[in-house]
Amino acid sequence: QVRLVESGGGLVQAGDSLRLSCAVSGLTFRTYAMGWFRQAPGKEREFVAAITWSGGRTYYADSLKGRFTISRDNAKSTVYLRMNSLKPEDTAVYYCAADPNPIRQGETPPYWGQGTQVTVSS
């Protein structure tokens, strides 16, 4: 059974930082690309960032480049999302996802976590 479990969300103030984690089990983690997506209230889910299986390449939504950093630890089967200088508009449920193929914006990976809430107050 494939499981993706996000953690690290919470309520923070504008300008703060958070690091989200996603622990993965039930698949060969080191062979999967990983991604982060988010969905704000009343909005469609959007791509945030992705990382290749080796961690050698990363991709970001243009609007988030420079503030968010995706990374992975294949020994721990965990992917991370470091978020700096958080803004109220970053408030959303953040989901991690796994895909045996490269993750590109606009595509839907087959495996998803349950999400973790991030709320940024002004």
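Values reported hereafter were calculated over all heavy atoms of this structure, with side chains retained and with hydrogens, waters and symmetry mates removed.
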| field | Ala14 to Ser122 - nearest heavy-atom pair and separation | value |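 Result for this residue pair: CB-CA, 4.4 Å.
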
| Residue pair Pro109 / Ala98: nearest heavy atoms and the distance that separates them |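 Closest approach of Pro109 to Ala98, heavy atoms only: CB-O, 3.4 Å.
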
For the [atom1] atom of [X] and the [atom2] atom of [Y], what is their distance to the nearest 0.5 Å?
X      : Y      : atom1 : atom2 : result
Tyr32  : Asn101 : OH    : CG    : 9.0 Å
Arg104 : Asp99  : CZ    : CG    : 10.0 Å
Asp73  : Phe29  : CG    : CZ    : 8.0 Å
Lys87  : Arg67  : NZ    : CZ    : 4.5 Å
Thr116 : Leu81  : OG1   : CG    : 11.0 Å
Cys96  : Gln114 : SG    : CD    : 7.5 Å

[X], [Y]: one ILVMFWY side-chain cluster at the under-4.5 Å cut-off?
X     : Y     : result
Leu11 : Met83 : no
Val48 : Val24 : yes
Phe37 : Leu20 : no

Given side chains that start at C-beta, do those of [X] and [Y] come closer than 4.5 Å, heavy atoms only?
X      : Y      : result
Ser25  : Val2   : no
Pro100 : Pro110 : yes
Val79  : Trp36  : yes
Leu4   : Met34  : yes
Asp90  : Leu64  : yes
Tyr95  : Cys22  : no
Tyr59  : Ile103 : no
Leu18  : Leu86  : yes

Say whether, by atom type as modelled, one donor and one acceptor occur between the side chain of [X] and the main chain of [Y] under 3.5 angstrom.
X      : Y      : result
Tyr60  : Ile70  : yes
Ser54  : Gly56  : yes
Arg82  : Ser71  : no
Asp16  : Val120 : no
Thr78  : Lys76  : yes
Glu6   : Gly115 : yes
Arg38  : Ala92  : no
Ser121 : Val12  : yes

Would you tell me whether [X] and [Y] have side-chain atoms, one donor and one acceptor, within less than 3.5 Å of each other?
X     : Y     : result
Asn84 : Ser17 : yes
Tyr80 : Arg19 : no
Glu89 : Thr91 : no

| Parallel, tilted or perpendicular for Tyr94 and Phe68, by the 30°/60° rule? |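 Tilted.
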
| Do we get Arg45 above Trp112's six-membered ring, with its NZ or CZ under 6.0 Å from the centre and within 45° of the axis? | yes

| query | Does CZ belonging to Arg57 count more than 12 external heavy atoms closer than 6.0 Å? | reply | no

